[in-house]
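Structure first, then comments.
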2 protein chains.
Amino acid sequence: MRMSTKAQYAVRAMVNLNLYSDGSPVTLRDISLRESISLTYLEQLFVKLRRGDIVKSVRGPGGGYLLARPAKEIQVDEIIDSVEESLVPVSCMDQKRGCVCDDRCVTHNVWHGLAERIRDFLSSITLEELTLEAKGMPGKSKTNS
Amino acid sequence: MRMSTKAQYAVRAMVNLNLYSDGSPVTLRDISLRESISLTYLEQLFVKLRRGDIVKSVRGPGGGYLLARPAKEIQVDEIIDSVEESLVPVSCMDQKRGCVCDDRCVTHNVWHGLAERIRDFLSSITLEELTLEAKGMPGKSKTNS
DNA sequence: ATAATAATTGACAGTTTTAGTCGGGTATGT
DNA sequence: ACATACCCGACTAAAACTGTCAATTATTAT
């Protein structure tokens, strides 16, 4: 039960992007240096984040990435979804239209319930909250306990 | 974010063991046939389940496995812990004594909070509840929603 | 126009984890 | 003694993860 480093990187990169954004685009190179994530790997992640409507890109000199929406409207689960990291704990439940197990699904409800808790929690946290926390100014809701 | 099949097998096997237990030991061979899990793989899992005080073994002819404790006192998270499947979503938090990240733990609280939710949920479900559900006689608390 | 910047994309590879198999051993009841 | 069933560690094939590399396209500054 591990969150892949891909997902962890994506969240960290997004917090960093928002933290250092002043209206003009932020380059991946800057994020790469600040977060010690390889530039080429970040590129991979941001292609997916763009497709997921989390960021938008500005090409050419002075270009980079901007948030596609206000930080308040970006939830952590959306970031993870965008980099194609499943939040569902078992493979038979990947399809939207429910579990396709044909038999012996005694444990189905356990994983289904778990998936709900994970989703609920991660969708309750916004990028804005994480960024405020990173600034040492916790927002109105804390992420733990 | 996947629950390994090892953990899924362990939970399924435990439900099956309890379901077909009438006081005398249940052999892994029977569980293997009923759940279509390889016998040798089950052996691996049950060594760990025994060490985790989930089951106890009876050797020799007529032997097999029994629950080490009443089903009501066995929680799903204990089963998963026993087969050495971490329930903590990030590796830096594996140690009991907290996260050892030396820096940039902006996202720490997210994973910590997530770990708590996962633990809380899985510890709220007992083997007895799962077994009753499997019998088509849902217990007092449902596992989902 | 041209050059520099920066995103975009696909192919590829090393490493680690997972999911098992295999071959023996050990305890116990009949 | 012998069959049963647990016990244990080494080994392996496959998959996933975590990136790298090379080449391209779009945009802006000069």
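In what follows, every chain begins at residue 1, and chains take the letters A, B, ... in the order their sequences are listed.
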Seminar exercise, completed: By salt bridge (Lys or Arg N to Asp or Glu O under 4.0 Å), A:K6 pairs with (sequence neighbours left out) none
For this session: Output all residues satisfying salt bridge (Lys or Arg N to Asp or Glu O under 4.0 Å) with B:D53, sequence neighbours left out; order by chain, then residue number.
Result: B:R69
Exercise. Contact class for B:R29 (heavy atom, under 4.0 Å): base, sugar-phosphate, or nothing?
Worked result: nothing
Exercise. Base, sugar-phosphate, or nothing: which does B:F46 touch, judged by heavy atoms less than 4.0 Å apart?
Worked result: nothing
Problem set entry | side chain to side chain donor-acceptor pair (under 3.5 Å) involving A:T40 - partner list, sequence neighbours excluded | A:S38
Exercise. Other hydrophobic cluster members with A:Y20, side-chain heavy atoms of Ile/Leu/Val/Met/Phe/Trp/Tyr under 4.5 Å, chained?
Worked result: A:L19
Problem set entry | B:D81 and B:R119 ion-paired at < 4.0 Å | yes
Seminar exercise, completed: Under a 4.0 Å heavy-atom criterion, DNA chain D is touched by chain A from D:dT18 to D:dT28
Problem set entry | Main-chain N/O of B:Q75 paired with B:E78 side-chain donor or acceptor, under 3.5 Å | yes
Exercise. Got a donor-acceptor contact below 3.5 angstrom from the A:R12 side chain to the A:E35 backbone?
Worked result: yes
For this session: Anything under 30° is parallel, anything over 60° is perpendicular, the rest tilted; go ahead and classify A:Y9 against A:Y41.
Result: perpendicular
Exercise. Taking protein heavy atoms under 4.0 Å as touching, what does nucleotides 10-25 of chain C look like 5' to 3' if B marks base contact, S marks sugar-phosphate-only contact and - marks none?
Worked result: ---------SBB---B
